[in-house]
Each structure stands twice: as structure tokens, then as C-alpha cells.
Amino acid sequence: MIHYTRALGLGSQLTRTAFSSRIIPNTSALRSAILRRHVQTNSLKPEEAIAILNTQRLARPSSPHFTIYQPQLTWIASIANRITGAGLSVLLYGFSLAYLFAPSTFSSTNIIEFAAGLPEWVKVAEKAILAAPFAFHSLNGLRHLAWDTGYCLFPSTLGPNQLSLTILNKVLSLKGVYRTGYAVLGASAITTVALVLL
């Protein structure tokens with residue numbers, strides 16, 4: 001009985017009552033079902049511990065991430081805004097560094113001569129590739145600035161409290177977010193075409 005008392009952490013009186021044959025007729029089956037578990041630990045080198053941890057991490061299931069979600073305008077526009085901003089920044093800083101290290105190669109005269117020698121379809125494609133991200137990022141940035149500053153609607157007849165409620169109800173609602181998102185997409189397409197035709 002002491003063996004089970006230590007394993008379960010029960011007092012002697014409680015153990016005798018729990019395992020008495022009056023309450024449970026087959027106490028030997030109960031005693032064999034409750035086994036003591038011995039846990040043995042080993043000291044490992046840090047490299048071995050990291051190897052075991054990496055093996056366990058490979059066996060874990062990965063999160064479903066984007067694969068289980070239906071694409072929505074809200075997060076696609078957010079991701080596209082970040083990607084276009086990063087791409088435009090890379091182009092700007094790349095060209096600036098190239099001009100800094102080789103000013104004669106990347107001078108305005110050389111760039112104009114190089115662009116004049118290209119076929120017309122290449123010029124149009126390059127303009128579209130540069131104009132589309134520029135137009136989208138600029139217009140979507142203005143959309144976010146309008147949200148951040150609260151300059152979404154300016155009816156002169158509304159007071160400050162009514163203006164705040166109007167902004168929240170009309171522009172920052174889910175329907176308003178989609179409306180402004182589609183407006184940015186449409187304006188980006190028109191602006192891209194206008195920039196390509198310049």
C-alpha cells in the first residue's frame with residue numbers, strides 16, 4: 001500500500017479507503033492499472049540538444065497560413081502596397097548608387113540615348129512596369145493618409161462630432177474600405193495608362 005501512496009501522493013487513510021474491497025471489488029485490477037512511471041533524464045551536449053530540437057521541429061505540422069483563406073481586397077491591397085513600395089525603393093536606391101559610383105555611365109544623356117535605341121514595344125512595356133506600381137503605391141498611400149488624418153469627407157455643414165461619425169460610417173466601414181479600394185484600383189489603372197501614353 002505504501003508503494004501506491006507514494007506514487008499517487010495520497011495519505012494512508014485515503015489510500016486504504018480508496019483501495020478497500022468494499023468500494024471496489026477487484027482491487028488487484030485497479031492496482032495493476034495504476035503504474036509508477038520512472039522518468040530518466042540524460043545530460044546532452046548543446047549540439048546534440050539542438051539536433052534533437054531540429055528533428056522535432058521538422059516533425060511538427062505547419063500552419064496553413066494563406067492557403068486556407070479566401071483572397072480579399074483588404075489584405076491583397078495591403079500586401080501589394082508593401083511590395084510596390086519596396087520595389088520602387090530598390091529601384092530608386094539602386095539607380096542612385098549606380099549614378100554615385102559611375103556618373104558618366106548613368107548620366108541623363110546616356111540614358112536618353114539608350115532608351116531611344118530600344119524598340120517601341122520595349123519602351124511601352126518598361127513604362128507600364130514602372131507606372132503601374134508607382135500609380136498604385138501613390139494613390140493607395142493617399143488613401144491611407146486620408147484615413148490616418150481623418151480628411152476623408154469635408155462637408156462644411158457638419159460639426160466635428162458628426163464629421164467623425166460620418167467618416168467612421170461611410171469610409172472606414174467594411175463597405176467603405178472596399179469602395180475606396182476599388183476606387184484606388186480604378187484610378188491606378190487610369191493613371192498607369194495616362195503615364196504610359198506620355
Side-chain angles (χ1 to χ4, degrees), residues 1-19 23-24 26-103 105-106 125-126 128-149 168 172-178 180-182 184-185 188 192:
M1 198 58 70
I2 295 173
H3 175 71
Y4 290 109
T5 303
R6 287 187 187 144
L8 296 175
L10 302 174
S12 59
Q13 187 66 26
L14 183 59
T15 305
R16 271 185 262 134
T17 305
F19 291 113
I23 297 172
I24 302 172
N26 194 357
T27 57
S28 62
L30 180 63
R31 288 183 184 147
S32 63
I34 302 174
L35 302 174
R36 282 180 64 158
R37 264 181 86 168
H38 295 284
V39 178
Q40 184 177 358
T41 59
N42 295 330
S43 296
L44 297 174
K45 295 179 183 175
E47 299 84 22
E48 294 172 342
I50 290 173
I52 290 171
L53 183 62
N54 288 338
T55 306
Q56 290 173 346
R57 285 179 178 162
L58 289 174
R60 291 180 192 157
S62 62
S63 174
H65 200 45
F66 282 127
T67 57
I68 65 167
Y69 298 111
Q70 179 183 0
Q72 296 177 358
L73 178 67
T74 51
W75 58 267
I76 290 175
S78 177
I79 292 170
N81 195 42
R82 294 164 199 257
I83 290 172
T84 55
L88 291 170
S89 298
V90 166
L91 285 174
L92 175 69
Y93 287 119
F95 179 78
S96 299
L97 288 173
Y99 185 76
L100 182 67
F101 289 120
T105 306
F106 291 98
E126 285 179 349
I129 289 171
L130 290 173
F134 176 76
F136 177 77
H137 188 75
S138 299
L139 295 172
N140 202 40
L142 291 174
R143 173 183 174 220
H144 281 274
L145 285 174
W147 288 345
D148 292 343
T149 57
L168 289 174
L172 296 181
S173 66
L174 186 60
K175 187 175 180 180
V177 168
Y178 272 90
T180 57
Y182 286 123
V184 164
L185 289 177
S188 296
T192 300

Heavy-atom closest pair, residues [X] and [Y]:
X	Y	value
P103	L100	CD-O, 4.0 Å
Y178	Q72	OH-CB, 3.6 Å
T192	S188	OG1-O, 2.7 Å
L88	F134	CD1-CA, 3.8 Å
P133	T84	CB-CG2, 3.8 Å
T55	A51	OG1-O, 2.8 Å

Looking at side-chain heavy atoms only, is the closest gap between [X] and [Y] below 4.5 Å?
X	Y	value
L91	L130	yes
R143	V177	yes
L53	Q56	yes
L185	F136	yes

Which distance, rounded to the nearest 0.5 Å, do you find between the [atom1] of [X] and the [atom2] of [Y]?
X	Y	atom1	atom2	result
L44	I50	CG	CD1	11.0 Å
I76	I83	CD1	CD1	10.5 Å
I52	E47	CD1	CD	12.0 Å

Requested in this report: Determine the interplanar angle of the Y99 and F95 rings, folded into 0 to 90°, and report it as parallel if under 30°, tilted if 30 to 60°, perpendicular if over 60°.
Outcome: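 Y99 vs F95 ring planes: parallel.
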Query raised in the report: S138 side chain to A135 main-chain N or O, any donor-acceptor pair under 3.5 Å?
Result: no
Query raised in the report: Quick one: does S78's side chain have a donor or acceptor within less than 3.5 Å of a partner on T74's backbone?
Result: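 Checked: no pair found.
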